[in-house]
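To start, the structure itself, in structure tokens.
Remember, predicted model here, so these are calculated numbers, not experimental data. Chain naming here is simple, since letters A, B, ... match the order of the sequence lines and numbering starts at 1 in each.
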2 protein chains.
Amino acid sequence: MKQTIRKRFTTLAGVASLGLAATAMAVPAETLDEVMARRGLSQKDLLAAAKTYTPTGGRDEFIVFSSGGQSGQIMVYGVPSMRILKYVSVFTPEPWQGYGFDEESKAVLAGGIIDGRELTWGDTHHPALSETEGAPDGEFLFINDKSAPRVGVISLDDFETKQIVVNPILQSEHGGTFVTPNTEYVLEAAQYPGILGRGFAPLSDFNEKFRGAITYWKFNREKGRIEPENSFSIELPPYTQDLTDAGKLVSYGWSFTNSFCAERYVGGIESGRPPFEAGCSQADTDFLHIINWKKAEEVYKAGKVTMINDHPVISLETAVEEGLVYLVAEPKSPHGVDVSPDGKFIVVGGKLDVTASVYSFEKIQAAIEAKNFSGVDPYGLPIIKMEDALHVQVPLGLGPLHNQYDSKPCVIYTSLYVDSQIAKWDYCEGKVLDKISIHYNVGHLVAMEGESVKPAGHYLISLNKLAIDRFNPVGPLHPQNHQLIDITGDKMELLYDMPVPLGEPHYAAAIAADKLKPLVRYRYGTNSRTGGKHEGATRPGSERIERDGTTVNVYMTAIRSHFTPEIIEVNEGDTVNFIITNSERAEDETHGFSVSTYNVNLSLEPGKTSTASIVADKPGIFSFYCTEFCSALHLEMEGYLVIKPKGYVEEAAAVSEGQAYTQADYDKQVQTNVDTQAVIDSVVGYITARNYKDFPEVASLVEDAVDQLNFAADAKAKSEAAAAESDWQNATLWAGQWWQYQVKAADIGLRAKTYLDEHGAVVVE
Amino acid sequence: MKQTIRKRFTTLAGVASLGLAATAMAVPAETLDEVMARRGLSQKDLLAAAKTYTPTGGRDEFIVFSSGGQSGQIMVYGVPSMRILKYVSVFTPEPWQGYGFDEESKAVLAGGIIDGRELTWGDTHHPALSETEGAPDGEFLFINDKSAPRVGVISLDDFETKQIVVNPILQSEHGGTFVTPNTEYVLEAAQYPGILGRGFAPLSDFNEKFRGAITYWKFNREKGRIEPENSFSIELPPYTQDLTDAGKLVSYGWSFTNSFCAERYVGGIESGRPPFEAGCSQADTDFLHIINWKKAEEVYKAGKVTMINDHPVISLETAVEEGLVYLVAEPKSPHGVDVSPDGKFIVVGGKLDVTASVYSFEKIQAAIEAKNFSGVDPYGLPIIKMEDALHVQVPLGLGPLHNQYDSKPCVIYTSLYVDSQIAKWDYCEGKVLDKISIHYNVGHLVAMEGESVKPAGHYLISLNKLAIDRFNPVGPLHPQNHQLIDITGDKMELLYDMPVPLGEPHYAAAIAADKLKPLVRYRYGTNSRTGGKHEGATRPGSERIERDGTTVNVYMTAIRSHFTPEIIEVNEGDTVNFIITNSERAEDETHGFSVSTYNVNLSLEPGKTSTASIVADKPGIFSFYCTEFCSALHLEMEGYLVIKPKGYVEEAAAVSEGQAYTQADYDKQVQTNVDTQAVIDSVVGYITARNYKDFPEVASLVEDAVDQLNFAADAKAKSEAAAAESDWQNATLWAGQWWQYQVKAADIGLRAKTYLDEHGAVVVE
């Protein structure tokens, strides 16, 4: 067979021979009209197809980061193709990414332990992109957890979660995350009222002892981490706070938090009381909280705080004294509170109302300055009269929920939950411009950079809560339906229905794709969760096994297609740390690592160092292997962990050889290698004869191929050394290894050649 | 505001008023040519777009079940739209599905505990659809775990995992799952040799004591479960078995398992030995195992077995004696072994070769009958000469890996890993018909029902292992790339690139969409993991809290938009079981359930009963809430778990009321409700005036709306009873609840109305 493959390699240089003799074209190709007729597509459908279809190798214009809801993840997809590019785990362990399976990410998850309880999921709601001067900058992403009051920090360098922080005072949250215009703070507001600090009080003390709050998490951009030690909170009344938005430009320094159940109702259907849903929806309005965070920061820095669980909290009393928080009525049970791009207006819809209310920041400030209040709430907070704060109120339809801004001046989009529609309207003039039906029951919306000081327009996505009949049935649990809408024209046009296969997204954030500059590979030996050099990073040649008592540290490397070491002997009861560095440089050349039945998996991208730790509690022979299909010899990228039983006495014995090789085997292999090298040289000639340096992708492939050929040279030297001692066994096998490196180089060379052919490379002089 | 919403409802009946005054069409719509120019689309791209784009509500022709690799899940997507419809968790807990978070699914995962070790992930490789007479029947799906020798069973009724079984003898596997033509057995073959029964032996005893094996898991279709007690295995030599396929039609009763590293090489690069990859790729050929499973079943039933870990194993010695296993050489390091639709041929490619080998079952049988062997292997198994078994051998290119069959006679597709190509060829005549380049390094292929006795043709998907430059960059860890190829014509045509956002699929199985008949909802009170009635199923009105020592069982219901009960008091240290039944009937009306900071989440689809268990180890007030956005009052679907501290003495105190209501509030609410009812009646009139019964989706919505109106009547009665006693607080709140049910009915009514409008309903006499 090797003979055949050699022949194959030999003909490789004659590129034309790769082509086939033309086959008879017996089946006539289907025309566009025939395809449209067969699939029932209208001209409008075809236009939508052309606006969204992205051919192989094409790029999306925008990238959407969507919460995964109770999946505890972030879903990343491209617009307009609506193809999901990645799920990034934040609060939920996920083995493909090694998240929660390697020791480095376990340290991140450990940051999310709450009251001593380890959590293995989260309910992610509102992702926020880091901002510079009020526009997303593509550096970081934040996301909250409603099931436990926590915030996660993701770096967009590598799309990995770097930090989880636990809110020190809240028992429940929902109103996170939102950032101030330069990401000075990441905002997280309470949801269901509780005892600040997570203490106990009976429900009969609800009005007196239960509270809400909003936390301003300080973000250190240079470190890429939230600093709990520089963060503070403001106590709020038990109004069930909901979402928040930060002021910008003229309203910079302020933030706005809405609420529902301002009735402060406590249900009890089991004892004959009307349920929460009745008592929390009875009044006509709720309260929008208007907060001067810049001033609150000064108050906090001046030490006018109460410490709860070592966390500084500005009390309601201080907030009143210092004039930090004001209230204004807002339409019932709102969700979105969205500051306009110029910072002048705050738009709030009420899910149990039909109007959207546009508040004027200028009018709010005038009322505050003039102390023109209708009174104070039961907690002493001044209440601004709604009519003094409103710019305009616009009836939109049933269940206005969330708003996003267009690049066109004064144009805003509002989701209508009950109507299953989206309204496009003018928030300056207060008039409705267009409506479109969606399928079904839209929650949040996301427009491209739709919360920025400079929205990008183009597309709007309707994040529908129900799909019902939109897709092929997959059982009682349905996907969600994200619908892409073209907003470039006067009329909104539906372009695409995207099923969400995992999780139940709430909100999403979108950014122009060219603002993202993710890494291709890590600096050699990086601990990706800290960003620094891993203390266990190992270079090829320095691999070793170190024992310290019953702890065995195995410093390993991984490269196509072997681990070093590949036989590891330990004793029953040892703790074994496999600290592995992927020594590849090639893009996308990831390796995995698993030890059979021992519940570990690593995702080792090029340059990364990760640790798999196990307690070798069961003696036996356990294979380990690369879990990521990395190369033609991927299945052969294996090894054995030998866990010797307690009291086992080893007999000196050589490894048994299954097959013996002779000088003839060696000679045959060497001849194959020599022939193969001639072919590789011709491929190299093909590539270097062309302007390959103009294609960074190819230059990178060539670099990788050179690496492989250097490895081949090393194996060749070992083979020749063994042959010199007539050790035909090792001479043959090392010659085989030499050939394997040649095959890897050829694999890369073929990819490079194809790339050049497909991208119009030309022969250079 | 209610006034406004009432007005809104009032105008609802005049449907035309929902429309907008036409806006000025200032922005001219982009033409198809303009879109193509802007996006750089060719005519070929447009054709591909038309062949794949699926407008809202459209259906896919085929459904693909792809392994998720090390994500431990199954990914389900539609063809030709290539939209991912669902991830189904099998070996890895996943909170959105409640999998591993509710007690019912924890019981399934507990079946996968191996040697006392709880595993929280799996490395899924090869899904297999249940078959009837050699064709997929759409009832069940099976999937293996390479990281620990296990098999999962998924029901396609509800796309949920029902069972995990642990292989009693293997330490490593890879060659699963494959089914016999009537799903009599699910096949699982070993990978890296080990000690059968997972014992210990030194590697120096590799040839003597290490073994492979293949397990035939008996499947009981009626119960939908594997029966370990009726399953058996066959011991095999330590040849590192790989994939398997079952014979069909003429080859029914036989199965075929290939292998790599038939050299039986043990590496040791750390001690100067050549690595596994060299020693396992040195020989020219490996061994295809040809197994008479029908006869093995008789041998097993006759009791000619050795029991290992209480599992019956046919020893190599018995296999030789009884003539159960034969070997034949196969091209080096093969992956796929694929029986032709007529059962006459077995096609094997070698990743380290350039040829695909077509074996003739007839020739193999002739050799066996004539005892025409070249000898026996070191374990006594007869070896058939390759030339006596081969029908034809065809050079295809570098790295033939896996094969799929077309609906056209004799046409087969083979992936070429190193060449990054797919070859279409004729396995009867042995000639290559076409080739197409893919991006990059294809592993498995899947054609539509491409392993059936009657392949469906149409489409082929290339499951590429590397994406490299195909998509927008998302950091060092790239998505995989599944490429859809049109195979209807003579030339293969690339249609679509689909990024795989989570996991690293290996193999996939595709089935015609109309063969799947999943459930829309569960029978009331179903334990979905057993399929039977849940012993804790609770009807509305029967909700209760039962204490048994320190165990508190809360029998709950969930419906838009409240839980019953909603205030639950327990003592510190209690074990609390929330046993919740979703009492909805509406399609897609799923509820979730989480208790803040207590690490539980349920996914409650209509009719399902699930249990969230916690140990109330920290006193305090913990909100619980619906984690699935279910309705306009979803956020209000909340409650409190009150965990009283040890020694806490309760003072008798009423729940504090935040807001008081008067008779005037009651009267105002009732007036709103009366007006709303008039509007609902008009919507009902609009629907019933049309042929809505012709639309099953609408009939179902109407059924749901009637439910809501019945609930409204119930709340109305409670409101009137309270009013009769001048209890204006409860009278007002129950009147509010009555109105909330009206809003839910209106929500559904609007969806029904939209559906009728969009689907051409007509007025009936």
Side-chain angles (χ1 to χ4, degrees), chain A residues 1 8 27 35 45 49-50 53 55-56 70-71 84 86-87 95-96 121 147-148 158-159 172 192 204 207 263-264 267 270 274-275 277-278 280 282 284 354 465 468 474-476 478 489 497 501-503 518 561-562 565-566 588 594 597 605 623 627 629 633 636 653 656 658-659 733 736-737, chain B residues 1 8 27 35 45 49-50 53 55-56 70-71 84 86-87 95-96 121 147-148 158-159 172 192 204 207 263-264 267 270 274-275 277-278 280 282 284 353-354 465 474-476 478 489 497 501-503 518 561-562 565-566 588 594 597 605 623 627 629 633 636 653 656 658-659 733 736-737:
Chain A
M1 302 280 152
R8 176 75 184 151
V27 181
V35 171
D45 292 334
Y53 177 81
T56 184
Q70 56 271 44
S71 77
I84 310 175
K86 200 175 214 172
Y87 275 91
W96 167 60
W121 76 293
S147 76
D158 60 359
F159 289 52
S172 162
Y192 306 114
S204 53
N207 292 302
E263 298 93 336
R264 293 172 291 148
E270 70 289 344
E277 63 166 316
C280 290
Q282 191 56 45
D284 282 350
V354 297
K465 307 315 294 184
I468 307 181
V474 290
H478 290 229
D497 279 32
L502 175 63
S561 307
H562 59 271
E566 55 186 16
D588 201 7
S594 170
T597 76
E605 298 86 41
S623 51
T627 49
F629 199 133
L633 284 161
E636 291 82 353
S656 66
Q659 185 149 342
L733 289 170
Q737 182 64 22
Chain B
M1 301 283 152
R8 177 73 185 150
V27 182
V35 171
D45 292 334
Y53 177 81
T56 184
Q70 56 271 45
S71 76
I84 310 174
K86 200 175 214 170
Y87 275 91
W96 168 60
W121 77 294
S147 76
D158 60 359
F159 289 52
S172 162
Y192 306 114
S204 52
N207 293 302
E263 299 92 337
R264 293 172 290 148
E270 70 289 343
E277 64 166 315
C280 290
Q282 191 55 45
D284 282 350
D353 203 322
V354 297
K465 307 315 292 183
V474 290
H478 290 229
D497 278 31
L502 175 63
S561 307
H562 59 270
E566 55 186 16
D588 202 7
S594 170
T597 76
E605 298 86 42
S623 51
T627 49
F629 200 132
L633 285 160
E636 291 82 354
S656 67
Q659 185 151 341
L733 290 169
Q737 182 64 23

For the residue pair [X] and [Y], what are the closest heavy atoms and their distance?
| X | Y | result |
| --- | --- | --- |
| A:Glu270 | B:Glu566 | OE1-N, 2.8 Å |
| B:Cys280 | A:Glu636 | CB-CG, 3.8 Å |
| B:Tyr53 | A:Asp45 | CE2-O, 3.5 Å |
| A:Gly736 | B:Gln282 | CA-OE1, 3.3 Å |
| A:Ser561 | B:Glu277 | N-OE2, 3.0 Å |
| B:Phe629 | A:Lys465 | CB-CE, 3.0 Å |

I'd like to check B:Tyr87 versus A:Ser71 (side-chain heavy atoms, cut-off strictly below 4.5 Å). Are they in contact?
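Side-chain contact under 4.5 Å: no.
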
task = Using modelled atom types only, decide if a donor and an acceptor are shared between the side chain of B:Gln70 and the backbone of A:Thr627 within a distance under 3.5 Å.
result =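 Yes, because the side chain of B:Gln70 sits within donor-acceptor range (under 3.5 Å) of the backbone of A:Thr627.
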
Review point. Is there a donor-acceptor pair closer than 3.5 Å between any side-chain N or O of B:Asp497 and the backbone N or O of A:Thr56?
Key: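 No: the side chain of B:Asp497 does not pair with the backbone of A:Thr56.
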
Non-neighbouring partners of B:Tyr192 that pass side chain to side chain donor-acceptor pair (under 3.5 Å), sequence neighbours left out =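 Per chain and number, B:Tyr192 pairs via side chain to side chain donor-acceptor pair (under 3.5 Å) with B:Lys146.
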
Partners passing side chain to side chain donor-acceptor pair (under 3.5 Å) against A:Asn207 (at least two apart in sequence or in another chain):
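Listed in chain order: A:Arg264, B:Ser656.
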
Taking [options] one by one, which has the highest count of heavy-atom pairs under 4.5 Å against chain B?
| options | result |
| --- | --- |
| A:Gly475, A:Pro476, A:Gly658 | A:Pro476 |
| A:Pro95, A:Pro565, A:Pro274 | A:Pro274 |
| A:Ser172, A:Ala148, A:Ser147, A:Ser594 | A:Ser147 |
| A:Asp158, A:Asp588, A:Leu502, A:Leu633 | A:Asp588 |

Let's test your reading of the structure: which of B:Gly503, B:Pro275, B:Ala50, B:Pro501 forms the most heavy-atom pairs below 4.5 Å with chain A?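 Of the candidates given, the most pairs with chain A belong to B:Pro501.
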
Where does B:Val35 contact chain A at under 4.5 Å (heavy atoms): side chain, backbone, both or neither?
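Only the side chain of B:Val35 comes within 4.5 Å of chain A.
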
